[in-house]
Amino acid sequence: MGLDTVGAVGTKVNEILNGMKESFSWQSVVYLGLFVFVMILLVIYAGRWQKGFSVYFTLIFTIIPVAVLGTYYLSVSKTADEALNAQKIVYVGGVFLVYFFTLAILDLCNISVPKWIRVLVLLDSGLMFLIIQTTEYTGLFYTKYSLSIVNDGVYLERAYGPMHSVYVFTMGIYMVVVLISVLYSLCFKKNVPKKRAVLLLVVEGICFDAYVVEKTIDLNLSLSVLSYAIAEIVFLIIIRRISLYSIRETVVDSIVAMNDDGYIALDKRLRYLGCIGNAEAVFPQLKKTRVDKKAKKDEFLRTEILPLIRDFRENGRANPVHVRRGNIIYQLTVSPLFIGKKRVGYQIRIVDDTLERKQIDMLDKFNDYLQEKVEEKTHSLRVMHDNLILSMATVVESRDNSTGGHIRRTSDCVRILIEEMKKDPECEVVKDELFCKNIIKAAPMHDLGKIAVPDAILQKPGRFEDWEFEQMKAHAAEGARIVHEILKDLDKSDNKEYRAFHKLAENVAHYHHERMDGSGYPEGLIGDQIPIEARMEKMSFEKADGIMMDSFGKHFDPELEKYYVAARPRLEAYYLAEDE
């Protein structure tokens, strides 16, 4: 390479360096470095972002790099028009950033701003930004402008128009609103951390001082954009704990993280919103389900989830549904889905219910075992109870010479008559199976009252004297009293069968000598006044049959005659077998 070539390269390098020296001032280097710094802060914010963060933070961290970049472009401008365009970029921050700063601080102070006010102020800011962007045509913000170099720095000389005064006044209102809100929260709002309020005061003070100094002292450096970076650092310190103060989100996130629950969400129009937790592990079909898909168009949602939601809609609640996945049993329940206080859809909670289901199954098995044992004991008590009744009736029968085998025959004959009555589909009385069972068992108790009748009368052959018959008739009422005393504790039982038997047995003992025509005893009841169980009652079968047929309508209920006639062949066969 010749000396001429080397010299030419050296000359070219010097030209490039001189060009860079002319293009870059120390201010532009500062702004460029500041741009890199705020971009790093934006990345840090993005890494720390959580759903509890206000949207205003995101807008602030996004707009500040734009405002810093506009300041950098201003510092390297070559013409007045370039400088004006750069200044317009700066005002993206000057107009909208202050608006978002104010709303973010009010939000941090837990002060709610009505939506209409926020929209109105945003429209006002948009109008101001439009006036700034068209100032070279309207002269409303700047009436004239020019470029000057001051201390090696570029400076845009401006003559302010009427709207600039409005802009300064608006900035003052923003600062006053923020200052009052922060001081109010510091003094009176217990739900605003004191440290947060102090830090917000620091941000307010730094931004206000930077603006005032920049307007009163010519430092040839934008302190406002420097204050933006400081404000970002303070906001990062504050938002580090914001998620902790949002207790609802914190608790929900903690619950989901600490257990194996899952959630499936659908909106009011039954479109799939998504799932969290173990939902996809329990239902792998959800991995292929697209968000916003209508549930009725997805096989899994249509068959498994929609029935739960329909049940919830119809009844106000849905009975839990259980599904098994291997050895694990999951319970699905439906509840409303809210955003704040607004109901927006439905959520299906998926809970591991294995342990509880196993406990329930174990309790069910244990209850079945206990029930089996209770039934065994109950059966033994029933047998003992029935044997006791028969034994007492047998004692009475042994004292009565005229009723040999009467007790057993009474039960057997009542059973035959009941079976015949059951053949008639229109016979209502025997449709009650408990009644049929109890009347057969109670039949032997009808003459228990004879235990109180003296042997001389009970065993007397032939007809009774009138006074003797009066004592004999007393056995009906006495029998009812004895039955009542024996069975009175059954009324305290939870067993309906026991209580029904008590009442029926007492009626049988009390009224079995009543007659349909009213000529019976002890009460002289007529017709339907006599309980049905008392209307059903050793002589030859022919004689007994003759008495029965002659007594229907007088002694016996005439409605029972057809059943007796139908049962007569079986009754006759029964008596003949007894006589053999």
Side-chain angles (χ1 to χ4, degrees), residues 20-45 58-102 125 128-136 141-142 145-160 163-164 167-168 170-171 174-175 203-204 206-236:
M20 292 178 63
K21 183 176 180 180
E22 292 176 359
S23 300
F24 288 92
S25 62
W26 67 270
Q27 292 95 337
S28 61
V29 174
V30 170
Y31 295 140
L32 190 59
L34 184 61
F35 174 75
V36 174
F37 180 69
V38 295
M39 286 301 296
I40 292 174
L41 294 180
L42 176 59
V43 172
I44 294 174
Y45 170 79
T58 302
L59 293 170
I60 288 170
F61 277 84
T62 303
I63 292 176
I64 286 178
V66 176
V68 174
L69 193 60
T71 308
Y72 165 74
Y73 285 143
L74 178 61
S75 69
V76 296
S77 297
K78 298 299 183 181
T79 66
D81 288 337
E82 287 182 2
L84 179 62
N85 289 330
Q87 188 66 44
K88 290 178 180 179
I89 296 175
V90 173
Y91 271 110
V92 173
V95 174
F96 293 108
L97 194 58
V98 177
Y99 170 72
F100 294 131
F101 257 56
T102 302
S125 299
M128 180 62 69
F129 186 70
L130 180 63
I131 291 172
I132 293 172
Q133 298 303 306
T134 59
T135 187
E136 67 266 42
F141 200 77
Y142 298 147
Y145 58 93
S146 61
L147 189 67
S148 64
I149 306 297
V150 180
N151 297 328
D152 296 329
V154 176
Y155 184 73
L156 182 64
E157 295 284 354
R158 294 156 286 185
Y160 297 116
M163 291 306 297
H164 186 273
Y167 171 77
V168 173
T170 304
M171 295 303 104
Y174 278 131
M175 290 182 179
V203 171
E204 171 75 1
I206 291 174
C207 292
F208 178 76
D209 292 344
Y211 182 79
V212 171
V213 171
E214 184 178 321
K215 293 298 181 182
T216 57
I217 302 176
D218 187 9
L219 297 177
N220 199 24
L221 185 69
S222 177
L223 296 181
S224 294
V225 292
L226 291 175
S227 69
Y228 294 162
I230 296 173
E232 282 190 309
I233 295 173
V234 175
F235 279 137
L236 284 174

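Start at 1 with the first residue, then count along the sequence. Note: hydrogens, waters and symmetry copies are ignored here, and every other heavy atom, side chains too, is used.
Side-chain contact between Tyr142 and Ile132 is absent, with no heavy-atom pair separated by less than 4.5 Å. Residues Val95 and Tyr167 form a side-chain contact, since some pair of their non-hydrogen atoms from C-beta on lies under 4.5 Å apart.
Here the straight-line distance linking atom CD1 of Ile64 with atom CZ of Phe235 works out to 8.0 Å at 0.5 Å rounding. Annotation: the span from Ile60 atom CD1 to Leu41 atom CG amounts to 13.0 Å, rounded to 0.5 Å. Ile63 CD1 to Leu42 CG: the interatomic distance, rounded to the nearest 0.5 Å, is 11.5 Å. Within the model, atoms CD of Glu82 and CD of Gln87 stand 14.0 Å from one another, a figure rounded to the nearest 0.5 Å. To the nearest 0.5 Å, the span separating CG on Leu130 from OG1 on Thr135 amounts to 11.0 Å. Rounded to the nearest 0.5 angstrom, Met175 CE and Phe101 CZ are separated by 10.5 Å.
When every heavy atom of Val38 is checked against every heavy atom of Pro65, the shortest pair comes out as CG2-CA, 3.8 Å. Scanning all heavy atoms of the two residues, the minimum distance from Ala86 to Ser77 falls at CB-OG, 4.2 Å. Of all the heavy atoms in Gly70 and Val90, the pair that sits closest is C-CG2, 3.4 Å.
Under the rule for a salt bridge (charged side-chain N to carboxylate O under 4.0 Å, His left out), the partners of Glu136 that lie at least two apart in sequence or sit in another chain are Lys88. Under the side chain to side chain contact (heavy atoms under 4.5 Å, CB included) criterion, Met163 pairs with Met128, Ile131, Leu140, Phe141, Val166, sequence neighbours left out.
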| task | Could you give me the CA-CA distance, side-chain angles and deciding distance for Tyr45 and Phe61, then say whether ring pair (Phe, Tyr, Trp, His ring centres under 6.0 Å) is met? | result | CA-CA 8 Å; Tyr45 170 79; Phe61 277 84; 4.6 Å; yes
| message | Please determine whether side-chain contact (heavy atoms from CB on, under 4.5 Å) holds for the pair Thr62 and Thr58, giving the CA-CA distance in whole Å, both sets of side-chain angles, and the decisive distance to 0.1 Å. | response | CA-CA 6 Å; Thr62 303; Thr58 302; 4.2 Å; yes
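Note on ring orientation: taking the six-membered ring where Trp is involved, the planes of Tyr160 and His164 are parallel (angle under 30°, cut-offs 30° and 60°). Between Tyr99 and Tyr174, the angle of the ring planes goes over 60°, which puts this pair in the perpendicular group of the 30/60° scheme.
In the displayed structure, Phe96 atom CZ is contacted under 6.0 Å by more than 12 heavy atoms of other residues, nucleotides or ligands.
The closest donor-acceptor contact from the side chain of Ser75 to the backbone of Tyr72 lies under 3.5 Å. The backbone N or O of Leu74 lies less than 3.5 Å from no partner atom in the side chain of Tyr31, so there is not a single donor-acceptor pair.
Screening residues 225-235 for side-chain hydrogen bond (donor to acceptor under 3.5 Å, both in side chains), with sequence neighbours left out, gives no hits.
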